[in-house]
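Reminder, nothing fancy here: chain letters follow the sequence lines and each chain counts from 1.
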Amino acid sequence: MPSFQSLPGFREFYPDALARRNHLFRVWRQTARAFGFQEYDAPVLEPLDLYRAKSGDEIETQLFSFIDKGGREVALRPEMTPTVCRLVGEKASTLKRPIKWFSIAEFFRYERMQKGRGRCFHQFNADLFGESGPEAETELIALLIQCLRAFGLTEQDFFVRLSDRNLWFYYLEALGLDKLRAQAVLGAVDKFEKLGDDAFKTYAGQFGPLDASLKDKVLAFLEIKSLAALEATLTALGGEKLAARLADWKKLLGHLTAMGLADYVQVDLGVVRGLAYYTGFVFEAFDRKGELRAIAGGGRYDDLVEKLGGPALPAVGFAIGDMTFALLLEQRGLTPALVSAPEVYCVIGGEAERRAAFSDIHTLRAAGFAVDYPLKELAFGKQFKAAAESGARLALIYGGDELAKGVVKIRDLTARTEHEVPRADILAAVRDTLTGERT
RNA sequence: GCGGUCAUAGCUCAGUUGGUUAGAGCACAAGAUUGUGAAUCUUGGGGUCGCGGGUUCGAGUCCCGUUGGCCGCCCCA
């Protein structure tokens, strides 16, 4: 046993694990670019106050925070939202709208480890600033869905639950509840799925038992699973705010349907997301089997940029965590068998042949091909075995017979065929075989 | 922060009521094998049995503590 262990909850990525992680990041990055999002990055270490300002003092117990040598209170970032709000807020007047940004970054939270949760993890974050209409949600929800679909996940595997905090407040207001009571009811709604009726205990403690008919109406609202049902309920109540909100819902779902994504989106007002800073649509992605914690979550936070010292700027964003997502891919057998294999493996006779081979090896490597060879002289049989195990597509055979003829034998390790090419043509020959197969 | 459970080789594990020098498979390395692919055979390197203390003539085994993993609760930005 080594004397030094990694810290609890921290992960080490051996090459095969890193290859899988890189694959996730590569696909996310490519997808975000396809949606016109630009990548940014920012410091891992931030002033502690940035998180206090957003989430309150109690957040500190869940942070990796300390005092640096300059006496500053600092914390490893537990999320990207405050940081990106600051970045955008500082340059808001000069950035072209809409501002569509994404990042792939590592985060740290001082928490107890659990399935799908550790003390360090990565998130894909995407945010859209400067658009207050549901067009912003359309882009983000579509991006979220595509970020999962790109791995082969389908509507059989996951879905996005869509809810709306504004709608809840307008609804509860229409039912005659004031703001404080409405917030308490929303807190109960947030916990209702897990606790059932007990979720309303906190409300009862604060304001007395919730009127039975009101509670029925709240629970009925939770039952709504379609736009049609939502429309029926809202039109019955009437009122301008609800009508305007309904129009937003229609637009958002209409656009997502036009994109062919309707089957991925479920109207579900049970999603509230406890965070106080969400101001409109909120959404979370779950696996259909319901075995895992949320895969992704996000929503609109129109007040946060201003709260963190920037100008008033509407915003919508979401994040996908890598741990639960990797579990889902694994469960569905969609983790690609990625090996960091060379493209070409050289089989080399002896020291004399090695000199000739080295010249070609370097030429091929300089041209960008992944080329490997045995560091020390080995029997041919072992070299062919090593070539096969390396995962290379091609073996180049530098034997005395070939070099005497001025050729190199190219063996296709998959097809188990081989042919000779003049040494001078080796780069072109390799390129011809491998081009089009590389990603 | 709380509870349950586990810890023996790189991996999966065996190890009897406490008893000689702690084992197997896989993996890794060398050889059989100096020109063609996951085979076979032989051999080898690898362990302070998580760590610390206790009981005992004797502890991988029993007891206590501790660290760490896994699972759940709280929380989940």
Whole angstroms only, please: what is the CG-P distance between Leu195(A) and C76(B)?
12 Å
For atom C1', what is the distance between A77(B) and A38(B), given to the nearest Å?
49 Å
Has the side chain of Arg112(A) got a donor or acceptor atom sitting under 3.5 Å from an opposite partner on the base of C73(B)?
no
Could you give the CZ-to-P distance, from Arg273(A) to C75(B), as a whole number of Å?
15 Å
When rounded to the nearest Å, what value does the distance between P atoms of G10(B) and A29(B) take?
16 Å
Donor-acceptor pair (no angle test) under 3.5 Å: Arg411(A) side chain, G37(B) base
yes
Do the side chain of Glu111(A) and the base of G1(B) come within less than 3.5 angstrom through a donor-acceptor pair of N or O atoms?
no
Could you state the NZ-P distance from Lys409(A) to U36(B), rounded to the nearest angstrom?
10 Å
Any donor-acceptor N/O pair under 3.5 Å between C75(B) base and Arg117(A) side chain
yes
Can you say whether the rings of Tyr277(A) and Tyr301(A) are parallel (under 30°), tilted (30 to 60°) or perpendicular (over 60°)?
perpendicular
Report yes if a donor N or O on one partner sits less than 3.5 Å from an acceptor N or O on the other, where the partners are the side chain of Glu418(A) and the base of U36(B); otherwise report no.
yes
Between Lys382(A) and G37(B), is there a side-chain N or O to OP1/OP2 distance below 4.0 Å?
no
Rounding to the closest angstrom, what is the interatomic distance between U16(B) and G53(B) at atom C1'?
27 Å
Does the side chain of Arg181(A) come under 3.5 Å of the side chain of Gln206(A) through a donor N or O and an acceptor N or O?
no
Of Tyr110(A) and Gly381(A), whose nearest nucleotide on RNA chain B comes first from the 5' end?
Tyr110(A)
